[in-house]
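Reviewing the structure listed below.
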Amino acid sequence: MDKKNSLHRIVDRHFTAPPGKVGLLYGERKVYSLATLIAVEILMRNPAVVIIDAANRVDPYLFARIARMKHIDPYSFLDRTYVTRAYTCYQLDISITDGLFQFVCGVNAQFVIVYGLIDLFDDEQVPISDVVDILRRVRETLRSLMLKGISTLLVSSTPHFKLKGREYFFAQLSAMADVRYRLEQHNFDQHIILEETTHGKNNTDRNNAHSVRREQLVTIPQGVTERRPKRV
Amino acid sequence: MKITGWLFDSYATDKGITVWLVDGNGKKYKTHYHFHPLFYLNLTKDEEHFLQLMRKELPSEVSLRRVERRDLYSRVMIPVLEVSLHNPLMFQKTVYTLSKHFNFYKFYGADIKVMQLFYYITQLFPLAYGEYEIENDILQHWSLLDRFDAIDYTIPELSVMTLTPSMKLFSPKYQRSMEIEVSIDDTTRVLQQNDPRELIEQINYYLVQYDPDIILTEYGDSSLLPLLSSLAEEYRIPLHLNRDPDARYYTTKAQSYFSYGSMVHRDGVFELAGRWHIDRENSFIVGEADLEGLYDLSRMSQIGVQHQARTSIGSALSSMQISWAYRNNVLVPYKRPIKESFKTLSTLLKSDRGGLHFMPPKGYHEQVAELDFASMYPTLMKNHNISSETIDCVCCADSSHLVPELGYRLCEKHTGFVPETLTPILEKRARYKELKRTAATDELKKKYDRMQAGLKWILVTCFGYLGFKKSRMGRIEAHEAVNAFAREGLLRAKEIAEAKGFTLIHAIVDCVWLKKKDATREEYEALAKEIEREVGVKISLEGIYQWILFPTSKMDDDITTATRYVGTYENGEMKVRGLEVRRHDTCRYVKKMQQEMLDVLSSARSVAEIKFRLPDVIAVVKRYIDQLNEGNVSPFELVIRRRISKDPYEYANKSINAVVSQTLAEAGVTLAAGESIEYIITDASGKKDPQKAKPLALYALDDGYDAKKYSEFIFDAAETLLQPFGYTRKELQKSWKEDIMDLPLFRQVS
Ligand SMILES: [Zn+2]
């Protein structure tokens with residue numbers, strides 16, 4: 001398989017008519033670097049991309065590096081990527097459910113990427129009932145965005161919850177998505193596994209249902225803050 | 001009956017608040033104040049109707065009232081429902097019950113502690129002096145002759161009884177049995193404790209006989225008082241720690257938690273009613289500013305003295321902000337946060353930077369002056385009106401007051417709550433510093449120094465708190481704005497200095513180090529005045545160093561670390577920052593050695609004179625190494641203190657921390673992540689002794705110590721000062737093995 005295609009495939013899928021899907025990309029740490037590549041891919045086709053970062057993983061330097069690799073002025077990416085950061089699940093909630101649609105339309109974006117949607121729920125200060133409330137509102141908002149033709153990609157590292165009884169939030173996250181992608185890493189090679197496709201809320205995905213593929217992905221650039229052995 | 005005196009202690013009961021007053025003769029009065037704590041709900045008509053229907057099912061009877069309160073950000077008055085509770089003890093439960101029916105964003109002020117609400121709503125504060133009117137033990141009303149931010153105020157004479165463990169070398173945690181000492185009026189007695197009953201009767205005797213206002217302890221929270229109260233319970237003897245016989249103790253459990261990237265352990269608390277328990281070992285503020293500083297802070301923050309002693313400095317600031325909100329009829333958000341406005345990644349690159357650093361050139365330098373900005377961050381917040389609600393405010397769309405680099409607008413019409421709460425602290429601290437300078441006696445000097453020290457910590461933490469991501473009223477843009485102004489200020493200072501022919505040697509956040517050949521004090525002072533005029537923050541000449549050393553980083557020979565240096569001023573005073581001798585994780589022996597090296601250097605007036613003294617400095621190192629190798633060092637000097645990041649059995653490795661905490665656990669001392677351990681290294685390699693190190697509490701003299709490992713520490717600390725002259729740790733170590741006379745020093749100098 002042409003390694004370029006697999007990355008495009010994720011983006012393509014979201015851009016096939018009718019517009020408006022919810023995807024979930026998850027896996028180990030590098031998943032956020034992959035998300036950056038996807039964001040860049042979106043920027044190649046769209047005027048803007050909007051990121052809600054609840055994982056503290058947005059890295060402008062990585063955007064700039066990818067731009068340089070593509071011989072593009074880094075600011076053409078940096079100026080068109082809009083970010084808001086959330087440090088509590090309430091901030092995350094408000095970022096998504098309060099005024100997101102207006103903002104997305106204002107900057108002419110069609111794509112929202114949410115980093116670490118469930119990460120902030122692993123907090124003793126946050127009662128489960130609040131989480132349930134927030135997840136319900138978020139789900140409704142994403143659905144209404146979808147109906148308005150705006151796609152969302154939820155990006156999450158494989159969850160390791162400290163608190164007992166909170167693991168099932170991942171299943172809930174998963175249930176929000178029409179399509180799921182799992183990033184698997186072997187010996188610092190990145191594979192993407194198109195793990196499962198459900199026909200959820202969007203019928204256009206029906207044709208692709210239950211396709212499971214393993215594909216070699218483009219090399220993910222080294223994150224600026226990450227320290228890993230270099231690939232040979 | 002009218003009492004002229006002070007508010008001493010207060011706590012909630014099911015009918016209101018118990019308030020203890022103390023008059024000028026030291027007489028105490030227990031009074032009751034009818035108080036209904038309250039919170040606000042922003043409900044729709046239907047929801048309000050539903051609330052009316054369910055109010056009978058609530059844990060406390062409530063009164064409902066429609067009122068208008070101001071929204072912090074929009075500044076709009078919004079209609080809300082005020083819910084006041086007849087039973088203060090049911091506050092949390094009532095909020096909990098209601099939160100099952102209404103969205104949590106509809107609540108305001110619903111998680112504030114009842115005691116805090118009492119202070120905010122009445123605007124009383126601990127140790128408030130005034131005329132209090134009582135009728136049948138009921139506090140009716142008062143008129144204060146005092147302000148929470150007053151500088152000159154009186155406090156009542158309070159009697160103190162101290163309770164400490166006799167054995168102070170280790171925390172009681174490590175002690176199988178504990179001997180307790182009682183001190184009153186400079187007399188100390190050891191309590192007999194062959195029989196627990198006897199012990200409790202003795203404590204009771206002192207409590208009744210002396211009726212102290214304050215029980216001052218060491219380890220009272222973690223060990224002493226929990227032990228005494230559990231013994232009392234076991235033997236069914238009432239223990240009179242509380243002055244109020246009807247009240248219970250206020251206790252919490254110890255906990256470990258993650259904060260700012262490291263594991264922190266907090267002891268439980270043991271607070272009393274009608275009398276204060278203050279544990280010196282569990283109070284940052286008492287350690288920094290003593291009881292006077294604690295009282296001062298408690299009055300400002302309106303947090304009860306016992307509670308303020310144990311809580312973080314950040315809580316004091318937060319409390320002052322919330323109190324400001326209640327004074328100004330502003331709604332305090334419950335869970336509703338302030339979201340960060342969307343920004344482009346290009347803006348993020350600019351905004352997400354901290355303070356400015358210029359790396360100092362490594363090695364020794366002469367004739368360098370240090371100029372420090374005073375309280376730079378809080379002053380900038382005050383000067384530029386930086387606050388969560390003043391950035392891109394609703395009222396000043398075309399404000400000309402902009403944040404440098406970032407372009408955020410700042411409000412020109414209303415002072416934000418951050419400047420409002422910081423101003424009295426800044427003014428008060430400036431006044432205390434002034435009083436300290438002009439104090440007639442040493443005792444007064446010390447007193448004002450302690451008072452300013454307490455406030456200093458609020459000013460130091462206020463910046464972090466502003467951006468504290470989880471803080472209720474914090475906002476990330478405010479944090480970024482302060483950083484941007486600080487960077488601008490420092491750059492401006494650099495430009496002004498360079499225009500006048502000074503060279504910038506080094507700068508960190510709010511300090512600059514400058515150099516100009518033969519520049520006088522007067523020149524530097526004139527420069528400081530000019531910078532102050534331009535930047536708007538007071539900057540003063542800290543001193544001119546005859547010499548100053550910026551050691552290289554232990555990680556990389558080519559770079560220096562901004563916060564490590566040592567130097568002597570013209571008056572001979574030495575300033576040391578960040579070196580081994582100042583670090584908490586250095587053992588006493590190494591500290592002593594480095595201090596002796598510095599003592600030798602302290603009389604040097606130039607780098608040439610330092611060179612001249614090198615043989616004497618090396619001699620110090622030699623003496624310390626020899627003593628180590630001869631086995632003559634007291635193990636107590638070799639004790640290393642570290643914080644453990646995990647619970648003992650969570651470690652997967654065999655690090656010293658793991659081994660030591662597990663050995664302790666086996667001996668029955670359980671430590672939690674974030675607590676400290678103390679140990680002596682017996683074999684760092686683990687080859688001869690897999691134990692590697694012995695916990696201090698289990699150490700026996702014949703356990704010995706690892707002389708090689710401690711020598712490495714010595715060479716490391718020596719290298720810090722000697723490296724610019726070519727003596728690296730390796731070089732030192734090598735020469736030592738061969739012959740000390742091979743050191744280049746003995747060939748070149750002398
Ligand atoms: Zn304004």
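Predicted, not measured: the structure shown is a model, and the values here were computed from it. Numbered from 1 within each chain, the chains take letters A, B, ... in sequence-line order.
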Roughly how far, to the nearest 0.5 Å, is [atom2] of [Y] from [atom1] of [X]?
| X | Y | atom1 | atom2 | value |
| --- | --- | --- | --- | --- |
| D111(B) | Q125(A) | CG | CD | 10.0 Å |
| Y75(A) | L345(B) | OH | CG | 10.5 Å |
| T97(A) | K339(B) | OG1 | NZ | 8.0 Å |
| D98(A) | Y105(B) | CG | OH | 9.0 Å |

Item to complete: Using a strict 4.0 Å threshold on nitrogen-to-oxygen distance, state whether D133(A) and K335(B) make a salt bridge.
Response: no

Practice prompt. Count the heavy atoms of every other residue, nucleotide or ligand shown that sit under 6.0 Å from CD of E140(A), and state whether that count exceeds 12.
Written response: yes

Worksheet item: Does atom NZ of K93(B) have more than 12 heavy-atom neighbours, drawn from other residues, nucleotides or ligands, at distances under 6.0 Å?
Response: no

Might you point out which heavy atoms bring [X] and [Y] nearest each other, and give the distance in Å?
| X | Y | result |
| --- | --- | --- |
| R137(A) | N103(B) | NH1-ND2, 2.9 Å |
| I338(B) | Q91(A) | O-NE2, 3.9 Å |
| L349(B) | L78(A) | CD1-CD1, 3.7 Å |
| T84(A) | E340(B) | OG1-O, 2.7 Å |

Fill in: Toward chain A, the part of S341(B) with a non-hydrogen atom under 4.5 Å
backbone

Worksheet item: Using a cut-off of under 4.5 Å for heavy-atom pairs, which of V107(A), D79(A), I51(A) has the most such pairs with chain B?
Response: D79(A)

Counting only non-hydrogen atoms closer than 4.5 Å, does [X] touch chain B with its backbone (N, CA, C, O), its side chain (CB onward), both, or neither?
| X | result |
| --- | --- |
| P74(A) | neither |
| L100(A) | side chain |
| T81(A) | both |
| Y90(A) | both |

Worksheet item: According to the interplanar angle, ranging from 0 to 90°, do the rings of F103(A) and F342(B) count as parallel (below 30°), tilted (30 to 60°) or perpendicular (above 60°)?
Response: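 Judged by the thresholds at 30° and 60°, the geometry between F103(A) and F342(B) is parallel.
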
